[in-house]
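Below, chains carry the letters A, B, ... as their sequence lines are ordered, and counting in each starts from 1. Side chains are part of it too, since the values below use all heavy atoms of this structure and drop only hydrogens, waters and symmetry mates. These numbers come from a predicted model, not from an experiment.
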Amino acid sequence: MNTSKDSILTTQYPMNLDSLLRSEIQKAVAALFNQSVEQLQLQPTNAEFEGSHTLVCFPLTKISKLKPEETGTAIGNYLVQHADIVTRFNVVKGFLNLVIADKVWAEVFASIYANKKYGVLPANGKEIMVEYSSPNTNKPLHLGHLRNNFLGYSVAELYKATGYTVHKVQIINDRGIHICKSMAAWKLFGNGETPESSGLKGDKLVGKYYVEFDKNYKAQVKELVEKGVSEADAEKQAPIMKLAVDMLQKWEAKDAETVQRWKTMNGWVYNGFDVTYKRMGVDFEKLYYESDTYLLGKDEVLKGLEKGIFFKKEDGSVWVDLTPDGLDQKVLLRSDGTSVYMTQDIGTAILRFRDFPKIEGQVYTVGNEQEYHFKVLFLILGKLGYEWAKKCYHLSYGMVDLPTGKMKSREGTVVDADDLMQEMVDAARAQTQELGKIDEMSKEEVDDLAEMIGLSALKFFLLKVDPKKRMMFDPKESIQLQGHTGPFIQYTHARIKAILRKAASMNIVADAAALTNVDALEVAEREVLFKINQYPNKLLEAVKEYSPAIVANYAYELAKEYNQFYQAVPIFIESDPAKLRFRIAFSEVTAATLKKAMALLGIRMPERM
RNA sequence: GGUCUCAUAGCUCAACUGGAUAGAGCAGCUGCCUUCUAAGCAGCAGGUUGCUGGUUCGAGUCCAGCUGGGAUCACCA
């Protein structure tokens, strides 16, 4: 037992109230039953009972040789007598509900308040790479990319907060038949149109010709089929497709004119993407381009072939046999010796570890339709002898569905990223105006606030759901700014800031330690403190699970608890100056914690709204 | 067809990884603005956790089977 007079808690993370309580319970078990126990089931107490922490006693009955209720009572009594931090307890069925002393809560709070880096772990010297976004360059970004980008960005931020140095990267799929299709359509119908001449965003312009290609291609195929050509042949013979294929071949042969057009059109796309990424608030340390990496990996495969890790078929194609791992055989080099997607990904992975030798692993933020691909990729890298293959993780996320079903570009049901962000910001502005909140704001402030709120609604909506699960995106619902939303949390933050401004104007100084002499906390205060105390654990859990949703839901719960306090306890009518000063400090920490948590989701917090 | 995955309130999602009477938001209904921001708070109503078995002190959670969605199984990316 820690007998220090000054503090029964250590401010040194990760030691905290929970781990202290655990060790006290372990001591109790050891003393009472003469046995040591490592795993304790500690959970938050249900709201209907008194207490904050609950020990589940059923698993302990084996060593206590008592009924669950008796076990709980015995431990409860011991804790009250021997552990300073527990003042009362009650036992309901097999659950031991513990009441933590208010002076302990006060001390927990004071240590959090004093620690400016609360919830941020010190640098651990480790490095990791997070890949996300990775679009094709033939069309604009859409709703699916938004989930990907917000998720990847957030996971990278989570790693940073737990002490990692993070390298954010993406691989841009800038070559291949898809971009040649846009190029072909542009050549035929473009009349030299450029972003400048048309006023269109570059990615939108290139996307327009991709659609144009598809339209003409379909018409040509139909015409051929009507002339009696088989569908399979028609698909190959359609003149516009022949042109696209021809361009692909010319590109691979480095034909100057084709390469030039390819560079120009991709350049348009990149300019467009830059605008979109900027508004999303995401960034990248290094960009990989498929045109640079698509030939990589072949040597690795050939080396693997020599070592007998892979095998060659009669037609000259190279394969890996994964049947011992429960998977199939997979081609790695075509019979003509060219690479496939997998080959290239092997090469890129190795290249990245050469570029960033200190990274311990890579996180690939890619949709769950590629689960099989990554399973195979990591297995192959392992077979090639790369130890880090074990530390590669496919952050697989579910598809975003619309109320009308799946997004399909052919059916024009794709939700464009730029349009959606704009709609959200417009809705936020309209709502802000309607509520009459902008009377004293300049136009710039209003614009910035609308931007903050609109994107918060969107990001929170996409991040609050467990990434692994497929989710439904209902535009009407996402545009909502009340309830379980980002703006609700922002609002809580702005509210607290208003209190802090008022306190400052009244010369009230926050004092976290003021409460030490106070007997009892308000129930609502204890609830908020409990949440604030949880923050580091939630952060760790979120990183472990690769789940920003855990942070998002945590922030929501904390905001909700604070709002309950806000309504239950009017701060400035408090006559006891110690309580008043404590509550200012308490509000400060809540706002700071909300801000930190939301920053991990890429969401900014307004000072007023 | 093989493999993987999902199914919780009318709708969208939670449920601390096997623990108490399964919780929030939206939608519906009822209250609360002369006190720090009502984008809020309090309350009502809403459930056979797809179905059937099993494992155990205890199952939304684990196992088996069934039903119904989705993904994947290319010398595509």
Selected nucleotide, minimal atom distance to A:Val331 side chain, candidates B:rC73, B:rA38, B:rA74: B:rA74
A:Asn148 side chain to A:Thr365 side chain, donor-acceptor N/O pair below 3.5 angstrom: no
Pair A:Ser396, A:Glu371: side-chain N/O donor-acceptor within cut-off below 3.5 Å: yes
Glycosidic class, syn or anti, of B:rU30 using a 90° window around 0: anti
Would you list the protein and nucleotides 26-31 of chain B atom pairs, both N or O, that sit under 3.5 Å from each other?
unit_1: B:rC26; atom_1: O3'; unit_2: A:Gln480; atom_2: NE2; d: 3.0

For the student: nearest non-hydrogen atoms of A:Ala457 and A:Gln480, plus distance: CB-O, 4.4 Å
Short side-chain N/O contact from A:Lys469 to OP1 or OP2 of B:rA14, under 4.0 Å: yes
Could you go over nucleotides 41-43 of chain B and give all protein N or O partners under 3.5 Å, atom names and distances?
unit_1: B:rC41; atom_1: O2'; unit_2: A:Gln567; atom_2: OE1; d: 3.4
unit_1: B:rC41; atom_1: O2'; unit_2: A:Gln567; atom_2: NE2; d: 3.4
unit_1: B:rA42; atom_1: OP1; unit_2: A:Gln564; atom_2: NE2; d: 3.3

Pairing partner of B:rA71 (Watson-Crick or G-U wobble, both distances under 3.5 Å): B:rU3
cation_pi(A:Arg147, A:Tyr397) dist<6.0 Å, angle<=45: no
Test of ring centre spacing under 6.0 Å for A:Tyr393 and A:Phe374: no
Rounded distance in Å between the C1' positions of B:rG1 and B:rC57: 43 Å
